[in-house]
Amino acid sequence: MEIFAGGTVGLCLLPQAWLTEFGLTEDDVEFLQDEIAEYDMVILQNEIPTEINLKVAEYASNKKIPIMLNPAPSREMPCDLLRYVDYIS
């Protein structure tokens, strides 16, 4: 999410990300590796597979972008992911 002058909010959406069983892969989020540096914050959700959230968290952490985790729906989460999280909603 990015907030521009005048309060306009920008979001990066992964359309139909919930369709992970049908093929959301790390390749689908690779574009974020550099682009994420332009973001003010990254919000991760548990609807996204852990390996994808982990990859995005790594990208954000490398660029010093804060990370918020929405832990719904509830599920077991690896410490590898939680070590990147700055905020939990």
Side-chain angles (χ1 to χ4, degrees):
M1 177 168 67
E2 187 169 353
I3 301 177
F4 301 96
T8 304
V9 176
L11 299 171
C12 175
L13 302 175
L14 297 176
Q16 300 180 339
W18 58 272
L19 294 174
T20 55
E21 337 159 352
F22 303 104
L24 183 63
T25 68
E26 291 181 14
D27 291 341
D28 295 324
V29 297
E30 188 173 344
F31 74 97
L32 291 171
Q33 189 166 6
D34 293 319
E35 184 176 309
I36 210 162
E38 303 299 319
Y39 296 4
D40 294 319
M41 177 178 279
V42 169
I43 301 174
L44 304 176
Q45 295 183 297
N46 266 356
E47 289 91 348
I48 308 299
T50 300
E51 62 272 10
I52 303 302
N53 277 339
L54 185 56
K55 183 56 67 178
V56 173
E58 288 172 3
Y59 293 158
S61 179
N62 288 341
K63 303 292 184 179
K64 307 226 183 307
I65 304 301
I67 300 166
M68 179 181 288
L69 174 65
N70 173 354
S74 180
R75 66 175 181 196
E76 190 172 322
M77 224 171 300
C79 290
D80 286 349
L81 177 60
L82 293 176
R83 71 185 171 103
Y84 290 114
V85 174
D86 298 295
Y87 307 99
I88 296 179
S89 66

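Computed from a predicted model, the values in this text were never measured in an experiment.
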What's the shortest heavy-atom distance between S89 and P71, and which atoms? O-CD, 3.6 Å
May I have the step-by-step check of side-chain contact (heavy atoms from CB on, under 4.5 Å) for N46 and M77, ending in yes or no? CA-CA 9 Å; N46 266 356; M77 224 171 300; 3.4 Å; yes
Within a strict 4.5 Å, meaning less than it, do heavy atoms of the L32 and Y39 side chains meet? yes
Output for pair (N70 CG, L44 CG), nearest 0.5 Å, gives 9.5 Å
How long is the gap from CE on M41 to CE on M68, to the nearest 0.5 Å? 4.5 Å
Pairs meeting criterion salt bridge (Lys or Arg N to Asp or Glu O under 4.0 Å) with involvement of residues 56-80, two or more places apart: K55-E58
Could you tell me the separation between the CD1 atom of I36 and the CG atom of N62, rounded to the nearest 0.5 Å? 9.5 Å
With rounding to the nearest 0.5 Å, note down the distance linking CD in E35 to OH in Y59. 12.0 Å
Using the rule given for side-chain contact (heavy atoms from CB on, under 4.5 Å), can you reason through I52 versus D28, listing the C-alpha separation, both sets of side-chain angles and the distance that settles it, and then say yes or no? CA-CA 9 Å; I52 303 302; D28 295 324; over 6 Å; no
If you look at every heavy atom in A37 and I65, which pair is closest and at what distance? O-CD1, 4.0 Å
CD1 of I67 to OH of Y87, rounded to nearest 0.5 Å, is 11.0 Å
